Structure formats: C-alpha cells, structure tokens
Amino acid sequence: MRRVEVGGAAPYAVEVGPGLLTRLAVPETPSALIHPADLPAAWVEQAQASLQPHLTVTVPARDECKTLEVFADVLSQLAQAGLPRSGAVVGLGGGAATDLAGFVAASYLRGVAFYTAPTTLLGMVDAAVGGKTGVNLPEGKNLVGAFWPPRAVWCDTATLTTLPDAVFREGAAEAFKHGLMADPSLLDRVVSPDFRPGGALLEDTLADAIAVKAGVVTRDLTEQGERAFLNFGHTLAHALEAVTHQAIPHGEAVAYGMHYAARLSHALGGADLTAHTRAFLRWQRPRRLPPLTFDALAPFIARDKKADSAGVRFVLLRDLAQPYLARVPDDVLRREFDGWQADLAELFPL
Ligand code: GLY
C-alpha cells in the first residue's frame, strides 16, 4: 500500500493499493455513492458494503454522464433523499463519473464533502487528483465546473483487473506524460511488462505517477502557472478528439499528441525526446487515425484553453523534466505535422 500526500489549503491523501473498496469510511454522515452503470457489480457491492451509503445513484457510462441533464437529475435525487449539508458524496468509477460526482458535491447545498474512488488508470493518475470537477456542454468539454478537491482518494488497484487491456494502455499515457514532464524514472517503468494489473511494478509506478500530479496541484491548484504543464501533448490531443467526434479515446489522443509536442520541442531547439514518445506509441498501440490534414485540425488547435489573444501556446520540453510554454510559429506547426504523420506511417504501416 502506498500513500501520496496532496498539500495546499485543504490537504488530503491518495491511497494506492489493492482492497481499498472493502474499507471505505468517511466521517460525514449520511453519504451518497455515485457510480456509472457499466461498473462491474463486484466493485459497487464492495463499496456499498463498506461505506453503507444512505443512497446509491447510478449514472450513464463514460462521458454520457457528464451533462447538465444528468447533473440536475443527480442533484434532484440527493434532494429527494434529504442528504444534509453534513453528508458526503462519494464518486466511484472512471474519470467521467468522478468529475460529475465532484461537481455535484461542489454544488449541492453550496458544497458538501467529496471523496473519490477511481477505478480506471486514467482516473487514478489524472482525474481524481487536483479537484477539477465538472460537466461538458454541447459547445465543448469541461466548460462548466468547479475546483472542489476531494477529502480522500482511494485508488483500489484490484479494480484495474477488470479493465480491458486497451483501456489500461490508454490510461498509461498520462503516467508516461508525468515521466516526461517531471519524473523520467517513470518512462521505462510505464512500458515494462510488469506495469499491468497485478504486476510487480504496478503499485509503485502508479503511486509515483500520482505523486507528480500531487506535487503540481499542491503548488498550483487553480492553474495560475505550472499546472498548465500537465497539458503536455494535450493541444493536438484535444483537436484529434474533437475532429474525430471522440472516436479516439483521450489517452490515445494524448499519446499521439505527446509525439507531436516532442517534435515541436526539438524543432524549437530542445532535446530530441521523440525516441521516448515513439516507444510509448509502439507500446500503447492506439487505434489508427483517419486521414487528417493540418488545415482540418487547425481550428481546433486554435481553440485550445492555453490560447490568448496572441495565439496558441504549446507545452514543450527543453529536455526531460524541463517543461515550458511557448508560442509556435505556424510554419513550424505545419512542417512538424507532416513529420509527425510520416513517423506514424513508419510506426504503424498499413
Ligand atoms: N488534467 C489536467 C489537470 O488536472 O490540470
């Protein structure tokens, strides 16, 4: 069992290890458990048995739950059940369900205690830590939400055993990203055969990847500065997700995006880190992208949250663990896009 501390104004601990769902406990009472419909019944039953929630709310699977309609429906269910301000909301499931549950906790009665038990690798390494909660709008992802940090995070590694292999590999992209931006010791470990559910390297690698994010959000919860570095690879990733109407899952889009960002970093004078991002793509085996042109992606790249009136800023790396933000000239973006496509054709021949 590993424990990672998150500091700041409201510190909390992230526990990492097997069997945590069998001993969930919160001081607030009563509690409401929120989980997605596709979560294996065993994990819901374990959480219910240990937490003894006053009510359990089932929400649609994946991003289907991250809507204002589902948000309103869950709030109504809590109100009808009479959950008081002294109660707690516990989010169990992948990043979408825990993002929704956190926003419900942030909003219901102007805020109640929030706890989270992520059950996917992506949820554990990224979504559960740092207090970003919210839902999507038809106009874009995560456009409504609140910073509402949890009071504890329980990463029960046993839940990863029921994740499809491709979903585990997808989630590993964020752990690999934490390696590139802050802890290079993660790079070899994340692509090792022992980094798998039940594997010898799982718990320590996962805890060390979480520790990178814990450090960043301890220093910069509301993204005034270094939290933006967590978006390494995400500018192209968000554009790929948008242009494919989310057919490319987030972690796979991030793997593609990290390789592009590594190329841009090198083009602007940084170290050549593309061997790392190539190795990760080879290991992850993301689904193939449809034929894409830079011009089709450019409007989505321009919408990036790190854009300001002077243009889009990319998170780049001077070297391993040396991230910075930079505006990249349009001709470099285009040239490296062509190089990126050539690299992908070589990595994944037809
Ligand atoms: N997923 C990026 C962040 O939490 O800031």
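All ligand and atom numbering here is 1-based and tracks the order in the structure. Values below: all heavy atoms of this structure, side chains included; hydrogens, waters and symmetry mates excluded. The structure presented is a predicted model; accordingly, all values stated were derived computationally and were not measured.
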Quiz item: Of all the atoms in ligand 1, which lie at a distance below 4.0 Å from a heavy atom belonging to Leu230?
Solution: 3 (C), 5 (O)
Practice problem: Look at the aromatic rings of Tyr260 and Trp340 and report parallel, tilted or perpendicular, splitting at 30° and 60°. | Solution: perpendicular
For [X], does the [atom1] atom sit with more than 12 other heavy atoms under 6.0 Å from it, leaving out its own atoms?
X: Arg62; atom1: CZ; result: no
X: Arg288; atom1: CZ; result: yes
X: Gln246; atom1: CD; result: yes

In terms of residue, atom name and distance, what is the protein heavy atom nearest to [atom]?
atom: atom 4 (O) of ligand 1; result: Lys213 NZ, 2.5 Å
atom: atom 5 (O) of ligand 1; result: Arg227 NE, 2.7 Å
atom: atom 1 (N) of ligand 1; result: Asp126 OD1, 3.0 Å

